[in-house]
Amino acid sequence: MKHKLTLYNSLTRKKETFIPINTPFVGLYACGPTVYGNAHLGHARQAIIFDILFRYLTYLGYKVRYVRNITDVGHLENDADDGEDKIERIARLEHIEPMEVVQQYINNYHKNMKQLNVLPPSIEPQASGHIIEQQEMIRKILKNGFAYEVNGSIYFDVEKYSKLHNYGILSGRNIDELQSYTRELSGQHEKRNPYDFALWKKASPEHIMHWQSEWSEGYPGWHLECSAMGTKYLGQTFDIHGGGMDLLFPHHECEIAQSVASNGTSHVKYWMHNNMITINDQKMSKSLNNFITLDQLFDGSHPILKKSFDPMTIRFFILQAHYRSTLDFSNEALIASEKGLKRLMKAIEQIKNIKPSLKSSVDIGSLESQCFIALNDDLNTSVALSFLFEAVKHINLLLENKETIDSKDLERLKNFMELITFDILGLKVFEEPVEDKKLENDLIEMIVDLRLKARAGKNFSTSDDIRDRMAKLGIILNDTKEGTTWEKQ
RNA sequence: GGUCGCGUGGCCGAGUGGCUAGGCAGAGGUCUGCAAAACCUUGUACGGCGGUUCGAAUCCGCCCGUGACCUCCA
(Lines give C-alpha, C1' and ligand atoms only; values in the text may rest on other atoms or scores of the structure.)
Protein backbone atom coordinates (compact mmCIF):
# COMPACT_ATOMS: atom_id res chain seq x y z
CA MET A 1 0.00 0.00 0.00
CA LYS A 2 2.13 2.84 -1.26
CA HIS A 3 0.74 6.18 -0.33
CA LYS A 4 1.41 8.96 2.09
CA LEU A 5 -2.03 9.67 3.40
CA THR A 6 -1.81 12.04 6.32
CA LEU A 7 -4.74 12.86 8.54
CA TYR A 8 -5.12 15.53 11.17
CA ASN A 9 -5.50 13.82 14.51
CA SER A 10 -7.51 15.84 17.00
CA LEU A 11 -5.82 13.87 19.78
CA THR A 12 -2.31 15.04 18.95
CA ARG A 13 -3.39 18.24 17.20
CA LYS A 14 -1.23 17.59 14.19
CA LYS A 15 -1.20 15.80 10.89
CA GLU A 16 0.02 12.23 11.10
CA THR A 17 0.82 9.62 8.48
CA PHE A 18 -2.03 7.16 8.42
CA ILE A 19 -0.82 3.72 9.45
CA PRO A 20 -3.58 1.22 10.20
CA ILE A 21 -3.38 -0.91 13.31
CA ASN A 22 -3.84 -4.07 11.29
CA THR A 23 -3.20 -3.51 7.58
CA PRO A 24 -4.98 -3.99 5.22
CA PHE A 25 -7.98 -3.70 7.52
CA VAL A 26 -9.24 -0.32 8.58
CA GLY A 27 -11.90 0.29 11.21
CA LEU A 28 -13.74 3.55 10.72
CA TYR A 29 -16.45 4.82 13.04
CA ALA A 30 -18.44 7.99 12.55
CA CYS A 31 -21.10 9.46 14.81
CA GLY A 32 -24.30 9.49 12.83
CA PRO A 33 -27.45 11.51 13.38
CA THR A 34 -29.74 11.71 16.35
CA VAL A 35 -33.03 10.84 14.75
CA TYR A 36 -35.47 13.30 16.19
CA GLY A 37 -35.54 15.63 13.20
CA ASN A 38 -34.79 15.75 9.51
CA ALA A 39 -31.18 15.96 8.41
CA HIS A 40 -29.81 19.42 7.64
CA LEU A 41 -26.80 20.82 5.83
CA GLY A 42 -24.52 20.06 8.77
CA HIS A 43 -25.41 16.38 8.69
CA ALA A 44 -24.68 16.40 4.98
CA ARG A 45 -21.20 17.75 5.57
CA GLN A 46 -20.35 15.14 8.16
CA ALA A 47 -21.73 12.31 6.06
CA ILE A 48 -20.01 13.48 2.88
CA ILE A 49 -16.60 13.97 4.51
CA PHE A 50 -16.56 10.49 5.97
CA ASP A 51 -18.03 9.07 2.80
CA ILE A 52 -15.03 10.44 0.94
CA LEU A 53 -12.65 9.05 3.53
CA PHE A 54 -14.40 5.68 3.17
CA ARG A 55 -14.16 5.85 -0.63
CA TYR A 56 -10.56 6.99 -0.63
CA LEU A 57 -9.33 4.39 1.83
CA THR A 58 -11.10 1.77 -0.23
CA TYR A 59 -9.49 3.11 -3.39
CA LEU A 60 -6.07 2.91 -1.69
CA GLY A 61 -6.70 -0.79 -1.29
CA TYR A 62 -7.74 -1.04 2.34
CA LYS A 63 -10.48 -3.33 3.54
CA VAL A 64 -12.58 -0.78 5.34
CA ARG A 65 -15.30 -1.56 7.82
CA TYR A 66 -17.24 1.65 8.17
CA VAL A 67 -19.62 1.89 11.11
CA ARG A 68 -21.99 4.84 11.31
CA ASN A 69 -24.44 4.70 14.15
CA ILE A 70 -27.96 5.98 14.60
CA THR A 71 -28.64 7.59 17.95
CA ASP A 72 -32.18 6.80 18.94
CA VAL A 73 -32.08 6.84 22.75
CA GLY A 74 -30.44 8.69 25.53
CA HIS A 75 -30.60 12.24 24.32
CA LEU A 76 -32.38 14.39 26.77
CA GLU A 77 -34.54 17.40 26.23
CA ASN A 78 -33.64 19.55 29.20
CA ASP A 79 -30.35 20.67 30.62
CA ALA A 80 -30.67 18.25 33.46
CA ASP A 81 -30.02 14.56 33.31
CA ASP A 82 -33.61 13.84 34.23
CA GLY A 83 -35.20 15.61 31.31
CA GLU A 84 -37.38 13.99 28.75
CA ASP A 85 -35.85 12.05 25.89
CA LYS A 86 -36.19 14.06 22.69
CA ILE A 87 -37.58 11.14 20.76
CA GLU A 88 -40.10 10.41 23.47
CA ARG A 89 -41.20 13.98 23.44
CA ILE A 90 -42.06 13.86 19.76
CA ALA A 91 -43.74 10.48 20.20
CA ARG A 92 -45.90 11.87 22.97
CA LEU A 93 -46.81 15.00 21.01
CA GLU A 94 -47.63 13.10 17.85
CA HIS A 95 -49.30 10.13 19.57
CA ILE A 96 -47.07 7.55 17.97
CA GLU A 97 -44.62 4.96 19.17
CA PRO A 98 -41.09 6.23 19.87
CA MET A 99 -39.74 3.71 17.42
CA GLU A 100 -42.12 5.07 14.83
CA VAL A 101 -40.53 8.48 15.23
CA VAL A 102 -37.11 6.91 14.94
CA GLN A 103 -38.02 4.95 11.83
CA GLN A 104 -39.56 7.94 10.13
CA TYR A 105 -36.40 10.00 10.49
CA ILE A 106 -34.11 7.11 9.65
CA ASN A 107 -36.03 6.61 6.41
CA ASN A 108 -35.69 10.26 5.56
CA TYR A 109 -32.00 10.28 6.45
CA HIS A 110 -31.40 7.33 4.16
CA LYS A 111 -33.30 9.03 1.37
CA ASN A 112 -31.20 12.18 1.75
CA MET A 113 -27.96 10.21 1.88
CA LYS A 114 -28.87 8.43 -1.32
CA GLN A 115 -29.65 11.76 -2.97
CA LEU A 116 -26.23 13.04 -1.90
CA ASN A 117 -24.64 9.88 -3.30
CA VAL A 118 -23.32 8.94 0.14
CA LEU A 119 -22.53 5.23 0.21
CA PRO A 120 -24.23 3.22 2.93
CA PRO A 121 -21.84 2.28 5.74
CA SER A 122 -20.80 -1.32 6.30
CA ILE A 123 -22.78 -1.45 9.53
CA GLU A 124 -25.35 1.03 10.78
CA PRO A 125 -26.12 0.09 14.37
CA GLN A 126 -28.85 1.69 16.46
CA ALA A 127 -28.32 2.51 20.11
CA SER A 128 -31.67 1.01 21.05
CA GLY A 129 -30.55 -2.32 19.65
CA HIS A 130 -27.42 -2.40 21.80
CA ILE A 131 -28.73 -1.96 25.31
CA ILE A 132 -27.18 -5.28 26.39
CA GLU A 133 -23.74 -4.21 25.22
CA GLN A 134 -24.08 -0.87 26.93
CA GLN A 135 -25.11 -2.50 30.18
CA GLU A 136 -22.15 -4.85 29.89
CA MET A 137 -19.84 -1.88 29.58
CA ILE A 138 -21.38 -0.26 32.65
CA ARG A 139 -20.74 -3.43 34.62
CA LYS A 140 -17.08 -3.35 33.62
CA ILE A 141 -16.73 0.29 34.56
CA LEU A 142 -18.41 -0.38 37.90
CA LYS A 143 -16.21 -3.39 38.50
CA ASN A 144 -13.12 -1.34 37.79
CA GLY A 145 -14.32 1.23 40.28
CA PHE A 146 -14.86 4.19 37.99
CA ALA A 147 -18.59 4.56 38.53
CA TYR A 148 -21.01 4.76 41.41
CA GLU A 149 -24.69 4.09 41.91
CA VAL A 150 -27.20 6.53 43.32
CA ASN A 151 -30.90 5.67 43.48
CA GLY A 152 -30.74 3.24 40.62
CA SER A 153 -28.69 5.53 38.39
CA ILE A 154 -25.02 5.00 37.56
CA TYR A 155 -22.62 7.91 37.16
CA PHE A 156 -19.10 7.98 35.85
CA ASP A 157 -16.64 9.11 38.52
CA VAL A 158 -14.57 11.65 36.64
CA GLU A 159 -12.55 12.71 39.65
CA LYS A 160 -11.41 9.19 40.43
CA TYR A 161 -10.72 8.50 36.78
CA SER A 162 -8.62 11.59 36.40
CA LYS A 163 -6.36 10.58 39.24
CA LEU A 164 -5.18 7.60 37.20
CA HIS A 165 -5.86 8.71 33.67
CA ASN A 166 -5.99 11.87 31.66
CA TYR A 167 -9.56 13.11 31.48
CA GLY A 168 -9.30 15.95 28.98
CA ILE A 169 -6.70 14.28 26.79
CA LEU A 170 -8.77 14.98 23.68
CA SER A 171 -10.36 18.33 24.43
CA GLY A 172 -7.51 19.88 26.38
CA ARG A 173 -9.63 20.50 29.44
CA ASN A 174 -8.75 19.83 33.02
CA ILE A 175 -11.21 19.13 35.76
CA ASP A 176 -10.30 22.18 37.82
CA GLU A 177 -11.56 24.38 35.02
CA LEU A 178 -14.60 22.22 34.58
CA GLN A 179 -15.21 22.42 38.31
CA SER A 180 -15.16 26.21 38.30
CA TYR A 181 -17.24 26.84 35.24
CA THR A 182 -19.66 23.97 34.83
CA ARG A 183 -23.06 25.53 34.79
CA GLU A 184 -25.35 25.08 37.71
CA LEU A 185 -27.97 22.74 36.42
CA SER A 186 -30.92 21.18 38.07
CA GLY A 187 -31.04 17.44 38.56
CA GLN A 188 -27.41 17.23 39.53
CA HIS A 189 -28.01 16.55 43.17
CA GLU A 190 -27.27 12.88 42.66
CA LYS A 191 -23.83 13.42 41.18
CA ARG A 192 -20.75 13.74 43.33
CA ASN A 193 -19.34 16.30 40.95
CA PRO A 194 -21.02 18.39 38.30
CA TYR A 195 -18.73 17.05 35.58
CA ASP A 196 -19.66 13.43 36.28
CA PHE A 197 -21.90 12.01 33.58
CA ALA A 198 -24.63 9.42 33.52
CA LEU A 199 -24.00 5.87 32.35
CA TRP A 200 -27.45 4.66 33.33
CA LYS A 201 -30.50 6.62 34.36
CA LYS A 202 -33.41 5.30 36.32
CA ALA A 203 -36.56 6.01 34.36
CA SER A 204 -39.23 8.14 35.91
CA PRO A 205 -42.78 6.72 35.75
CA GLU A 206 -43.78 8.80 32.73
CA HIS A 207 -40.70 7.70 30.81
CA ILE A 208 -41.75 5.34 28.04
CA MET A 209 -38.42 4.16 26.63
CA HIS A 210 -36.77 2.04 29.29
CA TRP A 211 -35.08 -1.28 29.80
CA GLN A 212 -34.62 -3.71 32.66
CA SER A 213 -31.33 -3.82 34.52
CA GLU A 214 -30.00 -4.85 37.91
CA TRP A 215 -29.79 -1.20 38.93
CA SER A 216 -33.20 0.00 37.83
CA GLU A 217 -35.72 0.09 35.05
CA GLY A 218 -34.00 2.75 33.01
CA TYR A 219 -32.03 3.79 29.97
CA PRO A 220 -28.37 4.26 29.01
CA GLY A 221 -26.49 7.54 29.29
CA TRP A 222 -25.58 9.94 26.57
CA HIS A 223 -22.14 8.83 25.56
CA LEU A 224 -22.19 5.10 26.05
CA GLU A 225 -23.59 3.90 22.76
CA CYS A 226 -20.58 4.82 20.63
CA SER A 227 -18.14 3.20 23.03
CA ALA A 228 -20.21 0.03 23.16
CA MET A 229 -20.99 -0.26 19.47
CA GLY A 230 -17.54 0.77 18.32
CA THR A 231 -16.02 -1.92 20.51
CA LYS A 232 -18.53 -4.51 19.39
CA TYR A 233 -18.00 -4.06 15.66
CA LEU A 234 -14.46 -2.73 15.38
CA GLY A 235 -12.72 -4.17 18.41
CA GLN A 236 -11.22 -2.70 21.55
CA THR A 237 -8.97 -0.46 19.54
CA PHE A 238 -9.66 0.70 16.04
CA ASP A 239 -8.24 3.17 13.57
CA ILE A 240 -10.43 6.19 12.99
CA HIS A 241 -13.27 7.76 14.89
CA GLY A 242 -14.94 10.79 13.40
CA GLY A 243 -17.73 13.23 13.98
CA GLY A 244 -18.58 16.88 14.10
CA MET A 245 -16.36 19.20 16.09
CA ASP A 246 -19.20 19.94 18.45
CA LEU A 247 -19.01 16.34 19.64
CA LEU A 248 -15.41 16.63 20.72
CA PHE A 249 -16.42 17.65 24.20
CA PRO A 250 -18.02 16.17 26.10
CA HIS A 251 -19.15 13.31 23.87
CA HIS A 252 -15.84 11.99 22.57
CA GLU A 253 -13.94 12.85 25.71
CA CYS A 254 -16.42 10.74 27.67
CA GLU A 255 -16.13 7.95 25.14
CA ILE A 256 -12.41 7.75 25.71
CA ALA A 257 -12.91 7.75 29.47
CA GLN A 258 -15.48 4.97 29.22
CA SER A 259 -13.25 2.83 27.05
CA VAL A 260 -10.24 3.29 29.27
CA ALA A 261 -12.32 2.70 32.38
CA SER A 262 -13.81 -0.51 31.01
CA ASN A 263 -11.03 -2.00 28.89
CA GLY A 264 -7.94 -0.28 30.18
CA THR A 265 -7.05 1.15 26.80
CA SER A 266 -8.08 4.08 24.70
CA HIS A 267 -10.04 2.70 21.78
CA VAL A 268 -9.15 5.05 18.94
CA LYS A 269 -5.90 5.81 17.12
CA TYR A 270 -6.98 8.77 14.97
CA TRP A 271 -9.74 11.18 15.93
CA MET A 272 -11.12 13.27 13.09
CA HIS A 273 -13.50 16.18 13.46
CA ASN A 274 -15.20 18.10 10.73
CA ASN A 275 -16.01 21.75 11.26
CA MET A 276 -19.44 23.33 11.21
CA ILE A 277 -21.56 24.88 8.49
CA THR A 278 -22.36 28.44 9.42
CA ILE A 279 -25.12 30.75 8.34
CA ASN A 280 -24.50 34.46 8.79
CA ASP A 281 -21.27 33.36 10.51
CA GLN A 282 -23.17 31.44 13.15
CA LYS A 283 -23.17 27.71 13.59
CA MET A 284 -26.11 26.02 11.88
CA SER A 285 -27.70 23.79 14.49
CA LYS A 286 -30.89 22.42 15.82
CA SER A 287 -30.54 24.26 19.09
CA LEU A 288 -30.14 27.65 17.41
CA ASN A 289 -32.98 26.76 15.09
CA ASN A 290 -31.21 28.34 12.14
CA PHE A 291 -30.85 25.19 10.08
CA ILE A 292 -32.00 24.37 6.57
CA THR A 293 -32.96 20.77 6.06
CA LEU A 294 -31.76 18.85 3.06
CA ASP A 295 -35.32 18.38 1.87
CA GLN A 296 -35.80 22.13 1.95
CA LEU A 297 -32.57 22.66 0.06
CA PHE A 298 -33.54 20.17 -2.62
CA ASP A 299 -37.00 21.61 -3.18
CA GLY A 300 -36.26 25.24 -2.37
CA SER A 301 -38.99 25.45 0.25
CA HIS A 302 -37.04 27.27 2.99
CA PRO A 303 -37.83 31.01 2.93
CA ILE A 304 -34.16 32.00 2.92
CA LEU A 305 -33.52 30.10 -0.32
CA LYS A 306 -33.66 31.90 -3.63
CA LYS A 307 -34.01 28.63 -5.51
CA SER A 308 -33.79 24.87 -5.07
CA PHE A 309 -30.42 23.16 -5.26
CA ASP A 310 -29.52 19.79 -6.66
CA PRO A 311 -27.99 17.37 -4.12
CA MET A 312 -24.83 17.29 -6.21
CA THR A 313 -24.53 21.07 -5.91
CA ILE A 314 -24.62 20.63 -2.15
CA ARG A 315 -21.98 17.93 -2.31
CA PHE A 316 -19.77 20.04 -4.54
CA PHE A 317 -20.25 23.08 -2.30
CA ILE A 318 -19.08 21.08 0.70
CA LEU A 319 -16.06 19.71 -1.18
CA GLN A 320 -14.94 23.20 -2.14
CA ALA A 321 -13.94 23.85 1.46
CA HIS A 322 -11.52 21.88 3.58
CA TYR A 323 -13.39 19.80 6.15
CA ARG A 324 -11.69 21.43 9.14
CA SER A 325 -12.74 24.97 8.16
CA THR A 326 -16.10 26.44 8.83
CA LEU A 327 -18.14 26.82 5.68
CA ASP A 328 -20.58 29.68 5.38
CA PHE A 329 -23.89 29.06 3.70
CA SER A 330 -25.31 31.61 1.27
CA ASN A 331 -27.45 31.50 -1.85
CA GLU A 332 -24.64 33.17 -3.78
CA ALA A 333 -22.07 30.58 -2.73
CA LEU A 334 -24.39 27.75 -3.73
CA ILE A 335 -25.23 29.33 -7.07
CA ALA A 336 -21.49 29.70 -7.70
CA SER A 337 -21.01 26.02 -6.86
CA GLU A 338 -23.83 25.02 -9.14
CA LYS A 339 -22.24 26.78 -12.10
CA GLY A 340 -18.79 25.43 -11.34
CA LEU A 341 -20.04 21.88 -11.05
CA LYS A 342 -21.92 22.21 -14.33
CA ARG A 343 -18.73 23.29 -16.07
CA LEU A 344 -16.79 20.37 -14.60
CA MET A 345 -19.43 17.86 -15.62
CA LYS A 346 -19.72 19.25 -19.10
CA ALA A 347 -15.97 19.03 -19.65
CA ILE A 348 -15.89 15.39 -18.52
CA GLU A 349 -18.77 14.62 -20.85
CA GLN A 350 -16.87 16.26 -23.73
CA ILE A 351 -13.66 14.26 -23.32
CA LYS A 352 -15.03 11.70 -25.76
CA ASN A 353 -15.07 14.36 -28.50
CA ILE A 354 -11.36 15.09 -28.22
CA LYS A 355 -9.36 13.92 -31.24
CA PRO A 356 -6.01 12.38 -30.29
CA SER A 357 -2.79 13.62 -31.91
CA LEU A 358 0.64 12.07 -32.19
CA LYS A 359 2.11 14.16 -29.40
CA SER A 360 0.85 15.60 -26.14
CA SER A 361 1.27 19.22 -25.15
CA VAL A 362 -0.38 18.67 -21.80
CA ASP A 363 1.15 16.97 -18.77
CA ILE A 364 -1.52 14.64 -17.45
CA GLY A 365 0.82 12.90 -15.03
CA SER A 366 1.56 16.12 -13.22
CA LEU A 367 -2.12 16.98 -12.79
CA GLU A 368 -2.75 13.47 -11.57
CA SER A 369 0.01 13.41 -8.98
CA GLN A 370 -0.79 16.89 -7.69
CA CYS A 371 -4.38 15.87 -7.23
CA PHE A 372 -3.37 12.84 -5.19
CA ILE A 373 -0.91 14.89 -3.15
CA ALA A 374 -3.85 17.12 -2.22
CA LEU A 375 -6.05 14.19 -1.22
CA ASN A 376 -3.23 12.64 0.78
CA ASP A 377 -2.79 15.93 2.60
CA ASP A 378 -5.58 15.47 5.11
CA LEU A 379 -8.21 15.07 2.40
CA ASN A 380 -7.79 18.46 0.84
CA THR A 381 -10.73 18.20 -1.53
CA SER A 382 -10.62 21.92 -2.25
CA VAL A 383 -7.14 21.74 -3.76
CA ALA A 384 -7.95 18.45 -5.51
CA LEU A 385 -10.88 20.20 -7.18
CA SER A 386 -8.65 23.06 -8.29
CA PHE A 387 -6.57 20.56 -10.30
CA LEU A 388 -9.72 19.11 -11.76
CA PHE A 389 -10.50 22.60 -13.02
CA GLU A 390 -6.99 22.87 -14.43
CA ALA A 391 -7.85 19.74 -16.36
CA VAL A 392 -11.15 21.30 -17.48
CA LYS A 393 -9.25 24.17 -19.03
CA HIS A 394 -7.04 21.73 -20.93
CA ILE A 395 -10.03 19.70 -22.08
CA ASN A 396 -11.64 22.81 -23.52
CA LEU A 397 -8.44 23.86 -25.26
CA LEU A 398 -8.06 20.36 -26.68
CA LEU A 399 -11.61 20.55 -28.01
CA GLU A 400 -10.65 23.74 -29.82
CA ASN A 401 -7.45 22.10 -31.09
CA LYS A 402 -5.36 24.66 -29.26
CA GLU A 403 -3.53 21.89 -27.45
CA THR A 404 -2.71 18.34 -28.44
CA ILE A 405 -2.83 14.99 -26.72
CA ASP A 406 -1.83 11.50 -27.81
CA SER A 407 -4.24 8.61 -27.52
CA LYS A 408 -2.50 7.12 -24.48
CA ASP A 409 -2.67 10.38 -22.54
CA LEU A 410 -6.25 10.91 -23.65
CA GLU A 411 -7.25 7.60 -22.13
CA ARG A 412 -5.32 8.49 -19.01
CA LEU A 413 -7.02 11.89 -18.78
CA LYS A 414 -10.44 10.32 -19.09
CA ASN A 415 -9.72 7.70 -16.44
CA PHE A 416 -8.22 10.24 -14.10
CA MET A 417 -11.13 12.66 -14.35
CA GLU A 418 -13.68 9.93 -13.84
CA LEU A 419 -11.80 8.31 -10.99
CA ILE A 420 -11.46 11.48 -8.96
CA THR A 421 -14.80 13.04 -9.79
CA PHE A 422 -17.09 10.04 -9.62
CA ASP A 423 -15.37 7.33 -7.59
CA ILE A 424 -13.49 9.30 -4.97
CA LEU A 425 -15.31 12.62 -4.66
CA GLY A 426 -18.59 10.82 -5.28
CA LEU A 427 -20.07 13.38 -7.62
CA LYS A 428 -22.47 12.19 -10.27
CA VAL A 429 -24.29 13.48 -13.29
CA PHE A 430 -27.40 15.53 -12.55
CA GLU A 431 -30.51 13.41 -12.31
CA GLU A 432 -32.90 13.63 -15.20
CA PRO A 433 -36.39 14.74 -14.19
CA VAL A 434 -38.52 11.68 -13.68
CA GLU A 435 -41.90 12.89 -14.86
CA ASP A 436 -42.94 12.28 -18.40
CA LYS A 437 -42.32 15.49 -20.28
CA LYS A 438 -42.72 14.12 -23.78
CA LEU A 439 -45.58 16.28 -24.93
CA GLU A 440 -44.02 19.39 -23.49
CA ASN A 441 -40.72 18.58 -25.13
CA ASP A 442 -42.32 17.89 -28.48
CA LEU A 443 -44.19 21.18 -28.36
CA ILE A 444 -41.03 23.08 -27.57
CA GLU A 445 -39.21 21.31 -30.40
CA MET A 446 -42.01 22.28 -32.75
CA ILE A 447 -41.81 25.95 -31.79
CA VAL A 448 -38.05 25.91 -32.10
CA ASP A 449 -38.43 24.40 -35.55
CA LEU A 450 -40.90 27.08 -36.65
CA ARG A 451 -38.59 29.76 -35.35
CA LEU A 452 -35.69 28.30 -37.32
CA LYS A 453 -37.79 28.56 -40.48
CA ALA A 454 -38.47 32.21 -39.72
CA ARG A 455 -34.78 32.81 -39.20
CA ALA A 456 -33.90 31.03 -42.41
CA GLY A 457 -36.23 33.47 -44.17
CA LYS A 458 -34.49 36.34 -42.31
CA ASN A 459 -37.75 37.09 -40.57
CA PHE A 460 -35.89 38.15 -37.45
CA SER A 461 -38.73 40.09 -35.86
CA THR A 462 -40.74 36.86 -35.67
CA SER A 463 -37.82 34.76 -34.48
CA ASP A 464 -36.88 37.26 -31.78
CA ASP A 465 -40.49 37.54 -30.69
CA ILE A 466 -40.66 33.76 -30.28
CA ARG A 467 -37.43 33.72 -28.31
CA ASP A 468 -38.61 36.53 -26.01
CA ARG A 469 -41.96 34.94 -25.37
CA MET A 470 -40.35 31.56 -24.70
CA ALA A 471 -37.99 33.24 -22.26
CA LYS A 472 -40.95 34.66 -20.41
CA LEU A 473 -42.23 31.12 -20.00
CA GLY A 474 -38.85 30.11 -18.63
CA ILE A 475 -37.51 28.40 -21.75
CA ILE A 476 -34.19 29.81 -22.87
CA LEU A 477 -33.22 29.35 -26.53
CA ASN A 478 -29.60 29.39 -27.58
CA ASP A 479 -28.53 29.51 -31.21
CA THR A 480 -25.31 27.67 -31.84
CA LYS A 481 -23.45 26.55 -34.92
CA GLU A 482 -24.96 23.09 -34.55
CA GLY A 483 -28.50 24.41 -34.26
CA THR A 484 -30.75 25.80 -31.56
CA THR A 485 -30.66 24.35 -28.07
CA TRP A 486 -33.06 25.06 -25.27
CA GLU A 487 -33.12 24.70 -21.55
CA LYS A 488 -35.45 25.45 -18.71
CA GLN A 489 -34.48 28.25 -16.41
C1' G B 1 -13.75 33.20 32.96
C1' G B 2 -11.12 28.67 30.62
C1' U B 3 -9.77 25.98 26.07
C1' C B 4 -9.29 26.06 20.80
C1' G B 5 -9.88 28.48 16.18
C1' C B 6 -10.51 32.20 12.46
C1' G B 7 -9.88 37.30 9.99
C1' U B 8 -7.30 36.30 2.29
C1' G B 9 -9.13 40.38 -3.94
C1' G B 10 -16.75 42.14 -5.23
C1' C B 11 -18.52 36.98 -3.08
C1' C B 12 -17.11 31.82 -1.68
C1' G B 13 -12.69 29.51 -0.53
C1' A B 14 -7.39 26.94 -0.61
C1' G B 15 -2.51 27.74 0.67
C1' U B 16 2.01 29.34 2.60
C1' G B 17 8.71 32.06 4.73
C1' G B 18 10.59 34.01 -1.79
C1' C B 19 7.36 30.76 -7.33
C1' U B 20 -0.64 33.43 -10.40
C1' A B 21 -4.80 27.72 -5.89
C1' G B 22 -9.58 27.18 -7.72
C1' G B 23 -14.95 28.45 -8.32
C1' C B 24 -18.58 32.53 -9.05
C1' A B 25 -19.12 37.56 -10.45
C1' G B 26 -16.66 41.62 -13.37
C1' A B 27 -13.63 43.14 -17.77
C1' G B 28 -11.60 41.98 -22.79
C1' G B 29 -11.83 38.49 -26.88
C1' U B 30 -13.74 34.23 -30.17
C1' C B 31 -18.43 32.79 -32.10
C1' U B 32 -23.19 35.06 -33.81
C1' G B 33 -28.28 38.60 -38.03
C1' C B 34 -28.79 40.21 -32.94
C1' A B 35 -28.83 38.23 -28.15
C1' A B 36 -27.69 34.40 -25.01
C1' A B 37 -24.88 30.28 -24.04
C1' A B 38 -20.21 28.12 -24.54
C1' C B 39 -15.02 28.67 -24.74
C1' C B 40 -10.30 31.52 -24.22
C1' U B 41 -7.67 35.60 -21.70
C1' U B 42 -7.55 38.61 -17.34
C1' G B 43 -7.34 40.00 -11.35
C1' U B 44 -1.20 40.49 -7.52
C1' A B 45 -5.59 40.12 -2.09
C1' C B 46 -4.05 38.28 2.67
C1' G B 47 -7.53 42.84 9.99
C1' G B 48 -4.06 46.84 12.55
C1' C B 49 0.74 48.02 14.80
C1' G B 50 5.51 46.41 16.01
C1' G B 51 9.50 42.51 15.78
C1' U B 52 12.61 38.29 13.58
C1' U B 53 14.62 37.64 8.41
C1' C B 54 18.28 39.08 2.61
C1' G B 55 12.90 38.44 2.10
C1' A B 56 6.48 37.54 5.72
C1' A B 57 0.15 37.46 3.91
C1' U B 58 2.91 32.99 5.90
C1' C B 59 7.10 32.91 12.14
C1' C B 60 6.86 35.90 17.10
C1' G B 61 4.43 39.79 20.29
C1' C B 62 0.56 43.15 21.21
C1' C B 63 -4.13 45.15 19.73
C1' C B 64 -8.92 45.00 17.20
C1' G B 65 -12.85 42.01 15.22
C1' U B 66 -15.21 37.31 15.10
C1' G B 67 -16.54 32.09 15.89
C1' A B 68 -16.74 27.13 18.36
C1' C B 69 -16.70 24.20 22.86
C1' C B 70 -17.36 24.39 28.34
C1' U B 71 -25.99 21.90 28.20
C1' C B 72 -28.30 18.52 23.57
C1' C B 73 -26.24 19.49 18.68
C1' A B 74 -22.83 16.93 12.57
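Letters A, B, ... are given to chains in the order of the sequence lines, protein chains preceding strands, and every chain is numbered from 1.
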Examine [N]: is either OP1 or OP2 under 4.0 Å from a nitrogen or oxygen in the side chain of [X]? Give yes or no.
X        : N     : result
A/Ser171 : B/C4  : no
A/Arg343 : B/G23 : yes
A/Lys283 : B/G67 : no

Task: Rounded distance [0.5 Å steps], CD1 in A/Ile354 versus CG in A/Leu399 - done: 5.0 Å
According to the Watson-Crick and G-U wobble definitions, with both distances under 3.5 Å, which nucleotide is paired to [N]?
N     : value
B/U53 : none
B/U42 : B/G26
B/A37 : none
B/G7  : B/C64
B/C69 : B/G2

- [ ] Flag the pair A/Met284 / A/Thr278 as yes when at least one side-chain heavy-atom distance between them is below 4.5 Å, and no otherwise.
- [x] no
Open item on the list: Just so I know, are the side chains of A/Asn441 and A/Trp486 near enough to count as touching, which here means a heavy-atom distance under 4.5 Å?
Closed with: yes
Task: Distance-only donor-acceptor check, side chains A/Ser386 and A/Glu390, under 3.5 Å - done: no
- [ ] Check the side chains of A/Lys114 and A/Tyr109 for a donor-acceptor pair under 3.5 angstrom, ignoring hydrogens and angles.
- [x] no
Would you kindly give the [atom1]-to-[atom2] distance between [X] and [N], to the nearest whole Å?
X        : N     : atom1 : atom2 : result
A/Met345 : B/G23 : CE    : P     : 16 Å
A/Asp72  : B/C72 : CG    : P     : 18 Å
A/Leu399 : B/C39 : CG    : P     : 10 Å

TODO: Tell me whether A/Phe387 is stacked on the nucleobase of B/G22, counting only the six-membered base ring and applying the 5.5 Å and 30° thresholds.
DONE: no
- [ ] Between A/Ser382 and A/Gln282, just flag the one whose closest nucleotide in RNA chain B comes earlier from the 5' side.
- [x] A/Ser382
Open item on the list: Quick check: on RNA chain B, is the nucleotide nearest A/Ser461 upstream (toward 5') of the one nearest A/His322, or the reverse? Name the residue that is more 5'.
Closed with: A/His322
Open item on the list: Measuring only the P atom in each nucleotide, how far is B/U44 from B/G22? A whole number of Å is fine.
Closed with: 13 Å
